Amino acid sequence: MSLQSERLETLMQRLGLADMAQAYAALAEQAAQKNLSYYDFLERVLENESHARQERNIKLRTQMARFPHPKRLEQFDFQFPTSIDEKKIRELASLRFLERHENVCLLGPPGVGKTHLAVALGMEAIRQGFSVYFITVVDLLERLVQAQAEHQMPKRMAPLRQCRLLILDEIGYRILEQPATTCFFQLISERYERGSMILTSNKSYGEWGSIFQDNVIASAILDRLLHHSHTINIKGESYRLKEKRKAGVWTQPAAEPSISGGGV
Ligand code: ADP
Ligand code: MG
């Protein structure tokens, strides 16, 4: 390495331009080959640094969001569910609901892609520069109830309150006890009209009373959640079963009509 390269790299490291330190030599070579002007060269170097920073930022925020697995809207087969409002979902992907602090509820039976769509919208939000946090309702409430017992509520609530988009997955898979219901109500109230949420549930709104074991609090929660919200009802069979059927490890029960007529 020449002395000048060493000096350049020291300067770049000192200025926190780690990506530039990696890329400048190749860019300088390209510029020489293509006879680029000093301005063009500088522009390319800065563009490269800006792009690399943006990608690093997206990666970091994706890690912080704690998605269970990465999912994209392009990977979702809208022909598979028997009923889904594709236009509405594509509209939601524009993220105007986030700017308006509105909520999205994805309802439907297991395996129809509720979590997939919630994560896909979350990943899009990250690409557009928003902060996102994903958590299942069971994990969330365990954490909040513990925080309450340890008098740590304000501290533990902070990230849930502050992120621009909070994704609460799987409401209704377990009945909630009274302390958990109170914590849930508090969180919903704190985010009300301040930050968007995406919720997924296998239960219709009419059944939410039984999740919280208290119709009064269930309707207070629904009241706040649904005041400014979009509901997406997804109907169809589980995509997981489709994949199992394809692999030959699941056969449709004889009593049910077979979709393909062949049964497998
Ligand atoms: P749910 O949350 O409704 O139970 P998931 O979103 O977890 O369902 O979906 C289960 C699996 O099936 C995931 O791997 C998901 O990516 C996939 N999946 C579900 N629906 C579709 C679809 N319409 N197109 C592509 N993949 C799908
Ligand atoms: Mg799910």
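From a predicted model like this one, the values you see are computed outputs, not experimental measurements. As the structure lists them, so they are numbered: ligands from 1, and atoms in each ligand from 1. Both backbone and side-chain heavy atoms feed into the values below; hydrogens, waters and symmetry mates do not. Each residue takes its place number in the sequence, starting with 1.
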| Just going by heavy-atom distances, which of Pro109, Gly111, Pro68 is nearest to atom 4 (O) of ligand 1? | Gly111
| field | Residue Thr115, metal the Mg ion (ligand 2), N/O/S under 2.8 Å | value | yes
| query | Would Phe76 and Phe78 count as a close aromatic pair, with their ring centres under 6.0 Å? | reply | yes
| Quick one: are Met64 and Ser131 in side-chain contact, heavy atoms under 4.5 Å? | no
| said: With respect to Phe76, determine whether any N or O atom, backbone or side chain, lies less than 3.5 Å from an N or O atom of ligand 1. | reply: no
| said: Assess whether a salt bridge exists between Arg224 and Glu193, defined as any Lys/Arg side-chain N lying under 4.0 Å from an Asp/Glu carboxylate O. | reply: no
| Salt-bridged, Glu49 to Arg53, with N to O below 4.0 Å? | yes
| request: In plain terms, say whether Glu190 and Arg194 are close enough for a salt bridge, that is, a side-chain N and a carboxylate O under 4.0 Å apart. | output: no
| message | Lys71 versus ligand 1: do any nitrogen or oxygen atoms come within less than 3.5 Å of each other? | response | yes
| query | Is there a heavy atom in Thr200 that sits closer than 4.0 Å to ligand 1? | reply | no
| Is the shortest N/O to N/O distance between Phe80 and ligand 1 below 3.5 Å? | no
| message | Geometry only, no angles: is Pro81 polar-contacting ligand 1 at N/O separations under 3.5 Å? | response | no
| request: Taking all heavy atoms of Asn48 and all of Asp19, pick out the closest pair and write down the distance. | output: ND2-O, 4.3 Å
| When you measure from atom 16 (O) of ligand 1 to every protein heavy atom, which one gives the shortest distance, and what is it? | His116 ND1, 2.6 Å
| remark: A student comparing Ser201, Ala118, Gly113 should find that the heavy atom closest to atom 8 (O) of ligand 1 comes from Gly113
